[in-house]
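Here the structure is laid out as structure tokens; the discussion comes afterwards.
In what follows, residues are counted from 1 in the order of the sequence shown.
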Amino acid sequence: MDQGREVFFLYPPSVLEEQLLNIVVQAEYEVYLLKDHQKAPLLLADYPDAILFVNIDERLRGDSWEDWIARLMASEQTSSVKVGILSYNDDPALAQYYLMDLSVPCGFIKLKLGLKESAKILLTVLEANEARGKRRFVRAAVPSNNTARFNMRQAGEVYRGSIIDISVAGAACTFESEVDLAVGDSVGDMQLNLRGRNVSVTGSVAGTRSVDGRKIYVILFREGSDDRTRHKLHDFIHSTLQIEMDRKLQNIQVHT
């Protein structure tokens with residue numbers, strides 16, 4: 001699992017969207033929120049190594065989570081997806097059913113334990129299942145129509161450009177005009193505009209490459225960024241990945 005596993009939350013409870021999500025994203029897991037159980041199996045077929053946490057407190061119409069999860073785990077297309085359960089219901093019999101009868105591999109996480117304990121259990125499950133793989137940082141490719149630009153002051157001049165992809169460790173970018181930068185050069189004042197949110201970073205040029213006639217510079221951010229900067233970067237990376245996943249989900253047709 002060099003690239004790690006995608007982590008999906010189906011019908012995430014409000015505590016996850018508001019608080020738990022940030023903890024998991026900050027821990028460098030690639031996280032997606034899903035809110036359509038009919039399309040979810042079709043989407044997950046494209047992510048056979050994924051981990052899926054299902055909030056069973058969200059009620060299904062004319063179906064049950066037990067049946068839905070059993071079908072997902074039995075299907076040839078999604079049998080390798082690892083399933084875990086989220087619930088505020090602390091009935092031991094319910095947990096035992098999912099753990100023993102259905103044999104969900106990623107546990108039954110009781111949200112009533114509180115944010116700190118739930119987060120600890122969730123992160124332990126993700127680590128045990130090597131959800132990060134050998135990858136240290138989650139990276140998001142930035143579509144050309146997705147606003148992620150920067151300006152940089154170098155040798156008294158201001159240069160502008162676009163970000164191609166980004167992680168909290170660095171970014172690949174192109175400049176609008178010719179810039180005199182070589183591998184190893186410091187970048188002392190780089191202002192990122194990430195979908196309207198400004199982030200200031202410093203770093204150095206780690207490499208260059210040419211793609212379709214464009215010169216792409218890889219900028220490594222200087223370690224020791226403050227928490228606020230890292231939070232903004234993580235938030236942009238997660239939202240960029242989520243937007244692309246939402247687009248993919250929207251294009252799925254469910255045949256009834």
Look at the side-chain heavy atoms of Ile, Leu, Val, Met, Phe, Trp and Tyr, link any pair under 4.5 Å apart, and say whether L233 and I164 land in one connected group. no

If only atom types and distance count, is the side chain of K232 paired as donor or acceptor with the main-chain N or O of V199 below 3.5 Å? no

For residues 200-210, pull every pair meeting side chain to side chain donor-acceptor pair (under 3.5 Å), keeping only residues two or more places apart or in separate chains. Q191-S200, T202-R222

Are side-chain N/O atoms of Q250 and D246 paired as donor and acceptor at under 3.5 Å? no

Before giving the answer on side chain to side chain contact (heavy atoms under 4.5 Å, CB included), spell out for D36 and L43 the whole-Å C-alpha distance, their side-chain angles and the decisive distance to 0.1 Å. CA-CA 10 Å; D36 189 325; L43 179 75; over 6 Å; no

What's the shortest heavy-atom distance between F221 and S167, and which atoms? CE1-O, 3.6 Å

Using side-chain heavy atoms (C-beta onward) and a distance below 4.5 Å, is P105 in contact with M73? yes

Heavy-atom count around K120 NZ within 6.0 Å, excluding the residue itself: above 12? no

Check whether K82 reaches the backbone of C106 with its side chain - one donor and one acceptor, N or O, closer than 3.5 Å. no

Test your reading of the model: is there a side-chain donor-acceptor pair from W65 to the backbone of E58, 3.5 Å cut-off? yes

So ring-ring contact (aromatic ring centres under 6.0 Å, His included) across residues 161-198, not counting sequence neighbours, yields F150-F175, F175-Y217

What I'd like to find out is whether the side chain of I23 reaches to under 4.5 Å of the side chain of L115, using heavy atoms alone. yes

Under 3.5 Å donor-acceptor, D67 side chain and S64 backbone: no

Just so I know, are the side chains of K35 and P12 near enough to count as touching, which here means a heavy-atom distance under 4.5 Å? yes

When you group the ILVMFWY residues by side-chain heavy-atom contacts below 4.5 Å and let the links chain together, are V254 and L34 in the same group? yes

Indicate yes or no for a side-chain donor-acceptor contact from N55 to the backbone of Y11 under 3.5 Å, with no hydrogens or angles considered. yes

Going by heavy atoms in the side chains, are H231 and N22 under 4.5 Å from each other? yes

Sequence neighbours left out, what pairs pass side chain to side chain donor-acceptor pair (under 3.5 Å) with at least one residue falling in residues 154-165? R139-D165, R149-S162

Which pairs pass side chain to side chain donor-acceptor pair (under 3.5 Å) with one or both residues in residues 95-117, sequence neighbours excluded? none

Are there over 12 heavy-atom neighbours, none belonging to D180, within less than 6.0 Å of that residue's CG? no

CG/N198 to CG/N151 distance, rounded to the nearest 0.5 angstrom? 8.5 Å

Can you find a heavy atom in the side chain of F236 that is under 4.5 Å from one in the side chain of I163? no

Please answer whether the main-chain N or O of L33 pairs with a side-chain N or O of Q242 as donor and acceptor at a distance below 3.5 Å. yes

Kindly give the heavy-atom pair with the smallest separation between Q253 and L42, and that separation in Å. O-CD1, 3.8 Å

For the CZ atom of F137 and the CD atom of E30, what is their distance to the nearest 0.5 Å? 15.0 Å

Is it the case that over 12 heavy atoms from other parts of the model lie below 6.0 angstrom from the CZ atom of R136? no

Heavy-atom pair of closest approach, residues C173 and I219: SG-CG1, 3.9 Å

Looking at P48, is its backbone amide N or carbonyl O close enough to the side chain of S80 to form a donor-acceptor pair, meaning the two atoms are under 3.5 Å apart? yes

Excluding sequence neighbours, so at least two apart, what forms ring pair (Phe, Tyr, Trp, His ring centres under 6.0 Å) with Y32? F8

Is any side-chain heavy atom of P13 less than 4.5 Å from a side-chain heavy atom of D57? no

Hydrophobic cluster identity match, I166 and L220, side-chain contacts under 4.5 Å: no

For T240 and R195, which I'm curious about, is there any donor-acceptor pair between the side chains at under 3.5 Å? yes

Would you call F9 and E17 a side-chain contact if the rule is heavy atoms closer than 4.5 Å? no

Measure from the side-chain N and O atoms of H37 to the backbone N and O of L10, and report whether any donor-acceptor pair falls under 3.5 Å. no

Qualifying residues under side-chain contact (heavy atoms from CB on, under 4.5 Å), relative to A131, sequence neighbours excluded: R5, V7, Y29, I51, L126

What's the shortest heavy-atom distance between G207 and V183, and which atoms? CA-CG2, 3.8 Å

Going through the distances and angles, do L94 and F108 end up as a side chain to side chain contact (heavy atoms under 4.5 Å, CB included)? CA-CA 9 Å; L94 184 66; F108 189 106; 4.0 Å; yes

H234 (side chain) donor-acceptor with R230 (main chain) under 3.5 angstrom: yes

Rounded to the nearest 0.5 Å, the OG atom of S118 sits from the CG atom of L111 at a distance of 5.0 Å

Mind checking whether V187 and V179 sit in one hydrophobic cluster, side chains of I, L, V, M, F, W, Y counted as touching below 4.5 Å? yes

Report the distance from atom CG of D46 to atom CD1 of I252, rounding to the nearest 0.5 Å. 7.0 Å

Shortest non-hydrogen contact from I85 to F53? N-CD2, 4.3 Å

Rounded to the nearest 0.5 Å, what separation is found between the CG atom of L102 and the CG atom of L72? 11.0 Å

Can you list the steps and then say if R247 with N251 is a side chain to side chain contact (heavy atoms under 4.5 Å, CB included)? CA-CA 6 Å; R247 183 196 62 76; N251 289 333; 3.3 Å; yes

Can you see which heavy atom on V104 is nearest to which on V83, and at what distance? CB-O, 3.5 Å

Report, as yes or no, whether the 6.0 Å neighbourhood of atom CG on D227 holds more than 12 heavy atoms from other residues, nucleotides or ligands. no

Under 3.5 Å donor-acceptor, S87 side chain and I56 backbone: no

CG on D235 to CG on L194, rounded to 0.5 Å: 9.5 Å

Please tell me if the side chains of Q77 and P41 come closer than 4.5 Å, counting only heavy atoms from C-beta onward. no

Please determine whether residues V158 and V205 belong to a single hydrophobic cluster, defined as Ile, Leu, Val, Met, Phe, Trp and Tyr linked transitively by side-chain heavy-atom distances below 4.5 Å. no

